[in-house]
Each structure stands twice: as structure tokens, then as C-alpha cells.
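Protein chains get the first letters and strands the later ones, always in sequence-line order, with residue 1 at the start of each.
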Number of protein chains: 2
Amino acid sequence: MSEQNTPSKRVTLAEVAKLAGVSQMTASKVMRETGSISGPTHEKVKQAANQLGYVPNRLAGSLRSKSSDIVAVVLPSINDSIFGDVVSGINSVLRPKGYITFIGETQLESQSEEDMLRTVLSLHPAGLILTGGIARSENATQMLQSWRCPTIQIWGDSASRVDGTVGPNHKDAGSLVANHFCERGITAPAYIGAELQKDLCAAERFEAYRSALRSRGISINAIVEDAMPRQWETGRVLAERLMRDHPETDAIYCLNDAIGLGALSWLHQEGFDVPERVAVAGFNGTSWINAVRTRLTTVNVPRYELGQMAATSLTDLLDGKRIASTSQLPAELIYGNTT
Amino acid sequence: MSEQNTPSKRVTLAEVAKLAGVSQMTASKVMRETGSISGPTHEKVKQAANQLGYVPNRLAGSLRSKSSDIVAVVLPSINDSIFGDVVSGINSVLRPKGYITFIGETQLESQSEEDMLRTVLSLHPAGLILTGGIARSENATQMLQSWRCPTIQIWGDSASRVDGTVGPNHKDAGSLVANHFCERGITAPAYIGAELQKDLCAAERFEAYRSALRSRGISINAIVEDAMPRQWETGRVLAERLMRDHPETDAIYCLNDAIGLGALSWLHQEGFDVPERVAVAGFNGTSWINAVRTRLTTVNVPRYELGQMAATSLTDLLDGKRIASTSQLPAELIYGNTT
DNA sequence: CTGCTATGGGTTATCGATAACCTAAACTTG
DNA sequence: CAAGTTTAGGTTATCGATAACCCATAGCAG
């Protein structure tokens with residue numbers, strides 16, 4: 001529309017101050033709504049800022065004030081439907097308070113988490129929300145320790161010293177399913193999963209499931225494939241392997257809903273009656289989002305609320321309040337039509 | 001373990017330089033691998049940095065050099081399974097090149113996008129990846145215009161001047177479904193959707209669908225509820241309303257897969273045979289991720305690749321290469337068992 | 001041996017905002 | 001009405017890194 005004569009130079013606070021006819025400090029105080037400034041002066045500065053389209057440079061601001069409103073969230077993966085909800089919950093609390101969230105993906109690799117952490121710390125965030133219950137590198141733990149940035153951990157626990165942990169009760173999740181299977185009169189329960197050496201929370205559920213059954217004198221068949229991703233396709237593959245190796249299996253507890261749905265898909269394809277011949281249960285509650293006919297029995301995790309709780313804990317911490325070091329969300333079994 | 005005597009002070013480049021016995025500038029050059037530095041000096045600095053656990057302060061670095069490696073990605077929502085994949089694709093390209101991505105959610109609100117943009121620009125990002133095909137505020141457009149930050153737009157087009165757009169061919173998506181319905185001998189096709197005034201891409205698909213059918217002399221019944229979210233529940237509600245108001249309907253094109261699955265869920269519940277009595281089609285391809293028995297016919301969008309293409313365009317742009325102003329990913333109809 | 005260019009490294013100023021402190025006028029209050 | 005306090009605003013120094021420039025010494029050709 002107009003000529004492109006604007007020099008690519010960005011408007012600074014000094015220019016705003018000059019246009020408003022005040023000192024730079026005064027302009028700064030107006031922009032931050034601090035100090036004591038008279039009505040007319042406030043107005044003049046605001047107007048000047050608007051007129052010039054001033055956007056503060058937070059790099060400079062944060063550098064000087066040694067405070068920032070960046071909160072870094074580090075997750076295993078975002079296209080995992082679990083964490084999408086969690087992030088939404090986090091944002092719903094953080095955004096209104098003026099924080100801005102930076103999200104990093106680690107792909108469940110501890111080296112990647114370490115790199116990620118280094119990168120985000122270099123921006124001097126106000127706080128961190130990390131995912132616990134995953135194997136964390138020695139270096140990363142060290143870095144967290146020495147950096148002393150307010151940190152909340154979600155999902156699961158870990159050895160690193162953090163200020164608080166918010167997550168579901170994984171042990172209960174495992175034993176709830178075990179008990180449910182027993183009530184249904186299951187005699188040959190099984191488990192399928194993957195990457196348990198990295199996903200310590202899943203390992204915890206698995207152990208709770210196994211030990212709850214053992215205490216009733218029932219042993220299980222487990223297939224754990226550490227080299228496969230925790231996804232739908234893996235569910236299909238492992239279900240096939242399981243039913244071939246242990247045809248007597250009449251109930252399968254799956255690491256998560258994605259694997260559960262994959263298993264179901266293979267079972268249906270092969271003509272197994274579910275739940276009459278084989279029952280299937282998962283974990284997360286994500287399978288219900290888009291269910292049409294099959295509603296996988298699963299343990300629901302209130303993901304959005306989890307995000308909100310974590311974010312609230314973090315802002316409380318940043319506001320100097322005391323927070324609970326651990327909050328566990330209760331595990332809730334939701335009954336579908338697969339058990 | 002050890003005493004907590006470390007003063008909360010962070011290690012600076014000056015300290016690294018002192019320990020290494022060189023000037024600060026030399027240390028800076030070593031850290032950035034620029035300038036001419038001898039082997040031994042390089043080694044000394046690196047060692048000192050490691051020993052102290054030095055993490056550069058990018059706020060300071062970026063402030064001075066007026067360059068940053070932040071790329072901001074602004075999306076309608078992340079728990080929408082579409083964008084999770086897109087972000088993964090983006091990260092897969094950007095992370096290895098040393099960029100770090102900020103992710104903002106707008107909830108499809110243009111005011112929220114504007115706020116987000118202001119916040120993100122205050123960090124002086126190297127580039128932006130925005131979502132097009134949504135209503136954008138006048139202020140936001142203005143800001144983008146005057147800020148001149150390399151910007152790639154994904155998903156759809158918009159009036160704002162950006163450097164490139166990468167997205168699926170929405171028009172084709174609509175007409176492909178229309179043609180498919182015709183081949184199936186459909187006589188009373190319908191459409192259900194929501195928030196079309198905000199989701200301009202969906203509106204484009206809808207228009208293409210309608211006009212393709214009109215050109216064959218077929219008119220459609222459409223139910224568009226602008227106040228409802230574009231989700232599963234909405235699909236159920238709108239399907240019910242549609243079948244009540246227009247019981248002759250024998251095919252439904254849904255705004256997206258989530259609504260499509262919701263519609264299917266209601267149709268199954270009410271005993272409608274799918275696809276014999278009513279056919280259903282959606283858009284995205286996300287419904288197949290967790291499919292068990294029902295595979296919704298849909299138009300697939302290669303979401304991960306879309307993210308990769310957008311990120312590649314952006315880095316090319318940042319490297320000074322010329323890029324295509326528009327890249328359209330071909331719409332591909334995938335045949336499920338609902339049509 | 002003179003003049004020229006690399007090599008290796010140091011000096012100084014600066015990015016844009018804000019902390020910390022200061023000052024003058026206006027306003028209380030006993 | 002003198003002395004203390006508040007109000008409104010300004011001055012100066014600084015956050016931590018890097019751009020831009022400078023200066024030795026070494027190497028090398030003529």
C-alpha cells in the first residue's frame with residue numbers, strides 16, 4: 001500500500017520516549033505499569049507506543065532484569081495424543097498470567113532431552129515443566145541441579161531433584177486392571193508393551209499388574225519389545241506374536257491405548273471375539289476421543305487437568321507460595337466394551 | 001550430595017575466559033567456532049567451559065548480534081491431532097539445524113493470535129510459521145507487515161503478506177469427495193460442519209464440494225453450526241439434527257475426521273447401516289491412526305511431510321535461497337469402509 | 001632486507017531495556 | 001509553619017555477549 005521506505009530498524013523504547021517527550025525510564029515504567037506516573041504522562045507514552053507500533057524487546061528486558069516469562073515444557077512427543085491435552089491444560093493456566101510456553105520434543109531419547117534442556121536454559125526461562133518417569137541422563141540431572149530453575153515434573157517420578165511432581169497413580173492403574181480381569185474370571189492374562197527401559201511409568205504399571213495377579217496366584221505371559229515404538233502398529237505385531245506363542249491367552253493388558261487399539265484391530269481381523277474370547281484393556285483414556293463402535297476398557301488420565309495442575313503448581317512456586325511436592329491424580333478405570 | 005554452597009549466580013563467558021587464561025572475545029570465538037583460533041587455545045577454552053558447566057546466555061547473544069535461532073510456530077490448537085504431526089515434522093527439520101521452536105495456541109481466536117504474535121515477536125525470532133486459512137485480525141496483519149520477519153504459512157492461504165504458503169489443496173479435497181459420492185450413486189448428499197467463519201479452509205472445501213455437486217445438478221443439505229467446536233461431540237449432535245431434518249440423506253461429508261467419527265458414532269447407535277443407508281466421509285486422515293473396525297473414508301493430508309516442507313522452506317529462506325511462494329500438497333482420497 | 005599478507009588474539013563500544021538510586025516539587029501533620 | 005513523606009520523574013550503571021576494529025608476530029616473495 002504505502003511505500004516500503006521503512007528502514008528494517010525496529011522501534012525502540014528510546015524512540016517512544018522521545019515522541020512522548022519523556023525520559024526513557026519513564027516510558028519503561030509506563031509500559032510495565034510500575035512506579036508512580038501521572039495520568040497524562042501515562043497517556044502520552046501509551047499513545048506514542050501505539051503510534052509507532054512499539055513491541056518491547058524482551059531479550060534486552062530479560063537480560064537486564066534477570067527475569068523472564070518463558071516457561072519451557074519438555075515432552076517425549078506432541079503428536080502423542082496424551083500430551084496435546086496436557087499442553088492445552090498448561091497453556092490455559094500460563095497464558096492468562098502472561099507466561100509464554102516453549103515446547104520441546106525429546107522422542108523419549110535421554111540425549112535429546114539433555115540437548116533440549118541446554119538449549120532452553122540458555123534462554124533463562126522462569127520455570128520448567130519436564131516429563132518424569134523417563135530415563136534421564138546424568139548430565140541432564142547435573143544441569144538441573146546446578147541451574148536451580150523452578151521445575152515441575154509431570155507424568156511420573158524421577159531421581160532428579162525437582163520442586164514438584166504431578167501425575168497419575170501408575171501403580172493403581174496396573175492393579176485396577178488386574179483386579180478387573182480377575183472379576184471377569186480371566187484365567188490366562190497377558191501383557192504387551194514396548195520401550196519399558198525408557199518409559200519407567202509404563203514399567204511401574206506393568207509391575208503393579210503383574211504383582212497384583214501374582215498375589216492371587218496367577219502368573220502372566222508378557223511380550224515386551226524394547227526396540228519398537230509405543231504405537232498402534234506395535235500393538236498389531238505384538239498381539240499376533242502373543243496369540244501365536246500363548247494361544248490360551250484370554251486377556252491382554254496393553255502398555256497404552258494406542259497399542260491396545262492396534263491389538264484390537266488385529267484380533268478383529270483374525271476373528272477373535274472380544275471380549276468373549278480375549279479381553280483387552282489399555283491406559284490413557286485417549287481411545288475414547290474418536291471411538292465409533294469399539295470402546296477400549298482403559299484407565300483414564302485427566303490430561304487437561306493434569307496440565308492445569310502442573311502449571312498452577314509452577315506459578316504458585318514462582319509466586320513464592322509453598323506447593324505440594326507430589327500430587328497424584330487418582331487412576332480411574334473406565335469400562336468399555338472390550339472386557 | 002555436596003553442600004549447596006554454589007551461589008545461585010550463573011557462569012558467564014568472562015569466567016570461562018579467565019579460567020582458560022584468554023580474553024573474553026577469544027572464548028566467545030571458540031564457543032561459536034568462528035575466527036581463527038589455534039588448537040591448544042581452543043582446547044583450553046572448551047575444557048574450562050565444560051569444567052564450569054557453562055551455558056551461554058542467548059538473551060545477551062541475540063540482543064547483541066540481532067539474530068536468534070528461535071522459530072515461533074503459531075497454531076489453532078495442539079491437541080488437535082493434525083497439528084501434533086505437523087509440529088513433529090517441523091521439529092525434525094529445525095532441531096538438527098540448531099533452531100528451537102516456540103509453539104503457541106490460538107484456539108482459533110484471532111484476538112488470541114494477535115496477542116500471541118506480539119509476545120513471540122518480542123523475542124525477535126529468526127522466523128515464523130503461522131497457520132493460514134483462518135480469519136486474521138487487522139492488527140496482526142499490520143504487525144506482520146511492519147516487522148518483516150521471514151514467515152511461512154501452513155495449512156491455508158490468507159490475505160497477509162507472507163513469504164510462502166504450504167498446505168493441502170482444499171478445493172480438490174472437496175470435489176474429490178463430491179465425485180466419489182456421485183460414483184457411489186448418491187442422490188441426497190449433505191454436509192455438516194462448524195465454525196466456518198473462522199476456518200476458511202474448511203469453508204473452501206465445503207464450497208468446492210457444493211459446487212462440484214451443483215455442476216451435476218445435485219443440491220445438498222448443509223448444517224453448519226458456527227457456535228460449536230469442530231469436534232467429535234459436534235459430529236454426533238449435527239448428525240442427529242441432519243437425519244431428523246432431512247431423513248432422505250444418504251451421504252454426509254463432514255468438516256473433518258473428528259466430526260465424521262462423531263457422526264458415525266451416532267449413526268451406529270441409532271442403527272443406520274453405514275455405508276448402505278448413509279455414507280460418511282471426512283477430512284485429514286487422522287481417523288486411521290487408531291482405527292479398529294471403522295475406517296472412515298477421508299482425504300488424507302501428509303501432515304508430517306507438511307511440517308517438514310514448511311520448515312525446509314523457512315530455513316531455505318533464512319539461508320537466503322529463493323523459495324516457491326506456494327506449495328500445494330495433493331489431496332488424496334483414501335477409501336475406508338464408510339462409503 | 002623490505003614490504004606485504006595471514007594468523008592468532010585482544011580492545012572497545014554496543015545491543016535495548018531496567019535496577020538502583022537520586023531530586024525537586026507537592027502534600028501532610030503536629 | 002517547619003519537618004517529614006509522598007509523588008512524579010530523571011540519571012547512571014549494568015545485564016552478558018558479540019560486532020567491528022586493531023595489533024602483534026610469523027611467514028614469505030622479490
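Between the side chains of A:Gln308 and A:Ser92, a donor-acceptor pair is found at a separation under 3.5 Å. Side-chain contact check for B:Ser112 and B:Gln107: no donor-acceptor pair (N or O, by modelled atom type) lies under 3.5 Å.
In the displayed structure, B:Gln142 atom CD is contacted under 6.0 Å by at most 12 heavy atoms of other residues, nucleotides or ligands.
Using a 4.5 Å heavy-atom cutoff, the side chains of B:Leu52 and B:Lys18 are not in contact. A:Ile70 is listed as a side-chain neighbour of B:Phe102, based on a closest heavy-atom distance under 4.5 Å. Residues B:Leu130 and B:Leu144 form a side-chain contact, since some pair of their non-hydrogen atoms from C-beta on lies under 4.5 Å apart. With a 4.5 Å cut-off on side-chain heavy atoms, A:Trp147 and B:Arg10 count as touching. Side-chain atoms of B:Val74 and B:Leu128, non-hydrogen and from C-beta on, never get closer than 4.5 Å to each other.
Note that OG1 of B:Thr151 and CG of B:Leu117 are 8.0 Å apart. Values are rounded to the nearest 0.5 Å. Atoms CG and OG, on A:Leu13 and A:Ser28 in that order, are 5.5 Å from each other to the nearest 0.5 Å.
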Between the protein and nucleotides 23-28 of chain D, list every N/O to N/O distance that falls short of 3.5 Å.
none

Identify all pairs in which a protein N or O lies below 3.5 Å from an N or O of nucleotides 21-24 of chain C, and state each distance.
none

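Side-chain nitrogen and oxygen atoms of B:Ser28 include none within less than 4.0 Å of the OP1 or OP2 phosphate oxygen of D:dA17. Distances shorter than 4.0 Å separate some side-chain N or O of A:Lys66 from OP1 or OP2 on D:dG16.
At least one donor-acceptor pair under 3.5 Å links the side chain of A:Glu15 to the backbone N or O of A:Thr12.
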- Message: Assess the residue pair A:Ile129 and A:Thr101 against the criterion (side-chain contact (heavy atoms from CB on, under 4.5 Å)); give the C-alpha distance rounded to whole Å, side-chain angles, the decisive distance to 0.1 Å, and a yes or no.
- Response: CA-CA 10 Å; A:Ile129 296 180; A:Thr101 55; over 6 Å; no
Side-chain donor-acceptor distances from residues 313-323 of chain B under 3.5 Å, at least two apart:
from	atom 1	to	atom 2	distance (Å)
B:Ser313	OG	B:Met309	O	3.2
B:Thr315	OG1	B:Ala311	O	3.3
B:Thr315	OG1	B:Thr312	O	3.0

Let me check something: any side-chain donor-acceptor pairs from residues 39-49 of chain B under 3.5 Å, sequence neighbours excluded? List them with distances.
from	atom 1	to	atom 2	distance (Å)
B:Thr41	OG1	B:Ser38	OG	2.9
B:His42	NE2	B:Glu33	OE1	3.1

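Residue A:Thr26 places its side chain closer to D:dG9 than to any other of D:dG9, C:dG16, D:dA17. The listed nucleotides are D:dG10, C:dA17, C:dT18; the one nearest the side chain of A:Ser23 is D:dG10. Proximity note for A:Met25 (side chain, C-beta onward) versus D:dA17, D:dT11, D:dA19: the nearest is D:dT11. When each of C:dG16, C:dT14, D:dA20 is scored by its nearest atom to the side-chain atoms of B:Arg64, the top-ranked nucleotide is C:dT14.
In this structure, the CG atom of B:Leu63 is 18 Å from the P atom of C:dA13, given to the nearest Å.
At the heavy-atom level, A:Arg58 lies nowhere under 4.0 Å from the strands shown. Here A:Ser36 lies in heavy-atom contact (under 4.0 Å) with a base.
Contacts between residues 37-55 of chain B and DNA chain D, defined by a heavy-atom separation below 4.0 Å, involve B:Tyr54, listed by number.
At its two ends the helix from C:dC1-D:dG30 to C:dG30-D:dC1 runs along axes set 30° apart, each axis drawn from five pairs and the angle rounded to 10°.
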